[in-house]
Amino acid sequence: MPKWLKDAVFYEIYPQSFYDTNADGIGDFNGIIEKLDYIRGLGCNALWINPCFDSPFKDAGYDVRDYKKVAPRYGTNDDLVRLFDEAHKRDMHVLLDLVPGHTSEEHEWFCASQKAEKNEYSNRYVWTRSWGESAQGFPYVGGESERSGVYLLNFFKCQPALNYGFYRVDRPWQLPVDHPDCIATREAMKDVMRFWLDLGCDGYRVDMAASLVKNDDEKKSGTSAIWKDVRRMLDEEYPEAALVAEWGVPQQSLKAGFHMDFYLNWHLNGYSTLMRDYENHENGENHSYFKKDAGGDINRFLKDYLPQYLDTKEDGYFCLLTCNHDTNRPRLALDIPELKLAYAFLFTMPGVPYLYYGDEIGMRYLDLPTKEGGYSRTGSRTPMQWDESKNLGFSKGDAADLYLPVDPAPDAPTVSGQENDPDSLLNTVKALLALRHREKDLQADAEFSQLQTRIGQPFVYRRGDLVLAINPDGSEKTCTLPAAGEVIFSIGSAKAEGRTLTLGAQSFAVIR
Ligand code: GLC
Ligand code: CA
């Protein structure tokens, strides 16, 4: 386990939308470099950058055309290496996004694979032998290749599935996982990983990490074996490199060798009840736990979270996120006072927290037409809002050329608008992250347990020797502490007298 993860706090950057330094309307590596001090100042000491590689951008870069070359719109490979170096100077780490399950249909491997004549890449993707042969229920494309047969897709039409083999082989066109050509796919992906690790990258966020082996069993044994093999390589060659899975099942991913997994926003799971509970109800009713007066119930989170946390706490980190590029911004349902409490919770839980760019100022989800395969996700991918200047400080280019429009609202939140207000969301995030770095008991490894979870009462929990209490409700509440203590941090109002803690409306406290 890389030691630096214990006290890591990640900042996710969607590079298109972060900061544009050459006025072409698209964010770039130089922009990220210029803003490293800002990110470090927030309290984030690690970055996850969404795919920044050469791509036709039919899925925002998750359709990679060349794994070893950055997309010219962001800069050059040398610029990315400079970003690694500048980050390291500030004691920060950088994860790139690895997309191992599929490539773009324009990747040179695929161009070779679709040729009629057999070649080294014929089996790099999954093909049936003839166009009439059933694809066995897998999504596929036919009619576009020189060779006979159809090929399987991993996600959109532009993303043919790479071939890591079938765990259960039940058709002649399906290769077993130990077929030399399937092993070659895995080795090619390790080669891609080494390429950037050798240049200074600190690890990867792995896209659709559970998707590699087809016809896998329920436990994902086939796919897990591949990641165990990758982890062995990392432990031997890059012991400080970190791997985080987009998987959402820590009992599988962390046992398969990942250091971290994301608690993803899945319908009706515990995480979805915290900030996006409107998605769980047909009539849009919102019972998100952090919504003031919505009668939220923390047990809906805990009964899903706790077994996963308890089963895996020795294996790695199950991570909480404010949002990501696939999810509605939390501001869609929560206002600023509600967001403060949500973040207080997310940033004081076990595992490694992830802050999505712009959530620190409460950027809005915008209702926008789809861009680069974003669909409804597009509204969470708009340019970062830095200040009151042109394009809210994102770009000096023409508004018409921006990757996506900035928030047109007259009260669009900006960094400069919040910097000098001690009570702003931005400064609350800074205070919370500073607290987390100060207190070992709030970091990734310290034990978590629940102390009081009754509906309508504050949620009281323990991290190490600290006791934390949250009252998301609009009225004052009291609760009993396990022992008398002193309030060392608060949002809103909190008073401890003996073992009684009084929490004002929408308040949070840490007690020692
Ligand atoms: C992951 C990414 C998403 C992408 C998909 C296909 O879910 O987070 O943005 O569209 O995989 O690569
Ligand atoms: Ca640019």
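Order of appearance sets the numbers: ligands from 1, and atoms from 1 within every ligand.
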Next on the checklist: So, applying side chain to side chain contact (heavy atoms under 4.5 Å, CB included) with H102, which one of D207, V64, L162, D63 is it?
Outcome noted: D207
Checklist entry - Which is closest to atom 7 (O) of ligand 1 by heavy-atom distance: K58, M208, E246? => result E246
Item to check | Numbered atoms and elements of ligand 1 in range of H102, under 4.0 angstrom, heavy atoms | outcome: 6 (C), 12 (O)
Checklist outcome for this item: Here the N/O/S atom of D28 closest to the Ca ion (ligand 2) would be OD2
Next on the checklist: Quick check against the 3.5 Å criterion: does K390 have a side-chain atom that pairs as donor or acceptor with the backbone of K396?
Outcome noted: yes
Item to check | D59 side, atom CG; F155 side, atom CZ - distance, nearest 0.5 Å | outcome: 6.0 Å
Checklist entry - Between S211 (side chain) and M208 (backbone), is there a donor-acceptor pair under 3.5 Å? => result yes
Checklist outcome for this item: atom 8 (O) of ligand 1 has as its nearest protein heavy atom D326 OD2, 2.5 Å
Checklist outcome for this item: The atoms of ligand 1 lying under 4.0 Å from a heavy atom of D59, numbered in the order shown, are 4 (C), 5 (C), 6 (C), 10 (O), 12 (O)
Checklist entry - To the nearest 10 degrees, how large is the angle at the Ca ion (ligand 2) between D24 OD1 and D20 OD1? => result 80°
Checklist entry - D387 and T414: side-chain donor and acceptor closer than 3.5 Å? => result no
Next on the checklist: Under a 4.0 angstrom heavy-atom cut-off, which atoms of ligand 1 come close to Y62?
Outcome noted: 2 (C), 4 (C), 9 (O), 12 (O)
Checklist entry - Do R194 and Y238 get their side chains close enough for a donor-acceptor pair, meaning under 3.5 Å? => result no
Next on the checklist: Is there a side-chain contact (heavy atoms from CB on, under 4.5 Å) between W247 and Q252? Walk through the geometry before answering.
Outcome noted: CA-CA 8 Å; W247 191 314; Q252 294 175 349; 2.9 Å; yes
Checklist entry - With a cut-off of 4.0 Å, which atoms of ligand 1 are near a heavy atom of R377? => result 3 (C), 4 (C), 9 (O), 10 (O)
Next on the checklist: For atom 12 (O) of ligand 1, what's the nearest protein heavy-atom neighbour? Residue, atom name and distance, please.
Outcome noted: D207 OD2, 2.8 Å
Checklist entry - Has N30 got an N/O/S atom less than 3.0 Å from the Ca ion (ligand 2)? => result no
Item to check | the Ca ion (ligand 2) reached by G27 (N, O or S, under 3.0 Å) | outcome: no
Checklist entry - Yes or no on side-chain contact (heavy atoms from CB on, under 4.5 Å) for N215 and V169, after CA distance, side-chain angles and deciding distance? => result CA-CA 8 Å; N215 276 353; V169 175; over 6 Å; no
